[in-house]
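Notes follow the structure.
Not measured: the values here are computed from a predicted model. Along the sequence shown, residues are numbered consecutively beginning with 1. In what follows, every heavy atom counts, from backbone to side chain, and hydrogens, waters and symmetry copies are set aside.
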Amino acid sequence: MPAAEHGFQVNPAALGALASSVRRIRDQLERTADLGHDCGPALGSDVVAGALHHFVTGWHDGRAQICADVGQLSDLLAQASNAYSETDGDLAAAMS
C-alpha cells in the first residue's frame, strides 16, 4: 500500500531545501530598501509626506516582525529535517 494510506511520508532532504528557500526569502526581505527617505519636500504636501512617513515606519516595523517569523519558520524546518534524518538513520541502523 502507498505510504499515504498508513499515515504521512516525509522527505528530509526536501524539508532541508525548503528551509534554505525560506531563509533566502527572509534574507531578501531584510535587504529590501526603505524607500521614502528625504522625499518629503518633493511631494509638495506635508500631509502626503506625513502619510508616507507613517507608511514607511509601519512597513519597517512590520517587515522586521515578518523577517523574525520567517526566520523562525526556516529554523523549525531545518530542525525537522535533521530530526527526520536522524530517526531514519537510527531505524536503518537498528534494522541492520
Side-chain angles (χ1 to χ4, degrees):
M1 283 190 219
E5 292 182 30
H6 294 289
F8 65 94
Q9 184 176 6
V10 175
N11 181 330
L15 277 178
L18 181 59
S20 294
S21 294
V22 170
R23 190 175 308 109
R24 281 193 303 275
I25 291 168
R26 188 227 29 227
D27 293 345
Q28 289 175 352
L29 276 171
E30 287 178 340
R31 289 191 301 268
T32 303
D34 286 330
L35 303 176
H37 295 296
D38 301 327
C39 67
L43 296 173
S45 167
D46 290 340
V47 173
V48 174
L52 177 62
H53 174 73
H54 178 74
F55 173 80
V56 169
T57 301
W59 169 239
H60 182 268
D61 295 344
R63 185 181 63 207
Q65 184 61 52
I66 291 169
C67 288
D69 292 345
V70 171
Q72 288 177 338
L73 175 61
S74 175
D75 293 344
L76 290 171
L77 288 166
Q79 289 172 15
S81 174
N82 291 334
Y84 280 114
S85 292
E86 288 176 15
T87 301
D88 282 350
D90 292 346
L91 288 172
M95 294 172 65
S96 298

Worksheet, complete the sentence: When rounded to the nearest 0.5 Å, the distance separating CG of Leu52 from CH2 of Trp59 is 14.0 Å
Practice prompt. Could you tell me whether the side chain of Gln65 reaches within less than 4.5 Å of the side chain of Asp61, counting heavy atoms only?
Written response: no
Fill in: Spacing of OG1 belonging to Thr32 relative to NE2 belonging to His60, to within rounding of 0.5 Å
10.5 Å
Worksheet item: In Å, rounded to the nearest 0.5 Å, how long is the span from CD of Gln79 to CD of Gln72?
Response: 10.5 Å
Response to the item:
CD1 (Ile25) and SG (Cys67) are apart, to the nearest 0.5 Å, by 11.0 Å
Practice prompt. Indicate the atoms forming the closest heavy-atom contact of Ala19 with Ser74, along with that distance.
Written response: O-OG, 2.9 Å
Discussion item. Tell me if a side-chain donor or acceptor on Ser81 pairs with a main-chain N or O of Leu77 at a distance below 3.5 Å.
Written reply: no
Worksheet entry | hydrophobic_cluster_shared for Phe8 and Leu18, side chain cutoff 4.5 Å | yes
Worksheet item: Has the side chain of Thr57 got a donor or acceptor atom that lies under 3.5 Å from a matching backbone atom of His54?
Response: no
Worksheet, complete the sentence: Smallest heavy-atom separation, Val70 atom then Arg26 atom, equals CG1-CB, 3.7 Å
Fill in: Asp46 atom CG, over 12 foreign heavy atoms within 6.0 Å
no
Item to complete: Answer with yes or no whether the hydrophobic clustering places Tyr84 together with Leu76; edges join I, L, V, M, F, W, Y residues whose side-chain heavy atoms lie under 4.5 Å apart.
Response: no
Worksheet item: Which residues pass the side chain to side chain contact (heavy atoms under 4.5 Å, CB included) test with Asn82, sequence neighbours left out?
Response: none
Worksheet item: Is there a side-chain contact between Asn11 and Leu15, using heavy atoms and a 4.5 Å cut-off?
Response: no
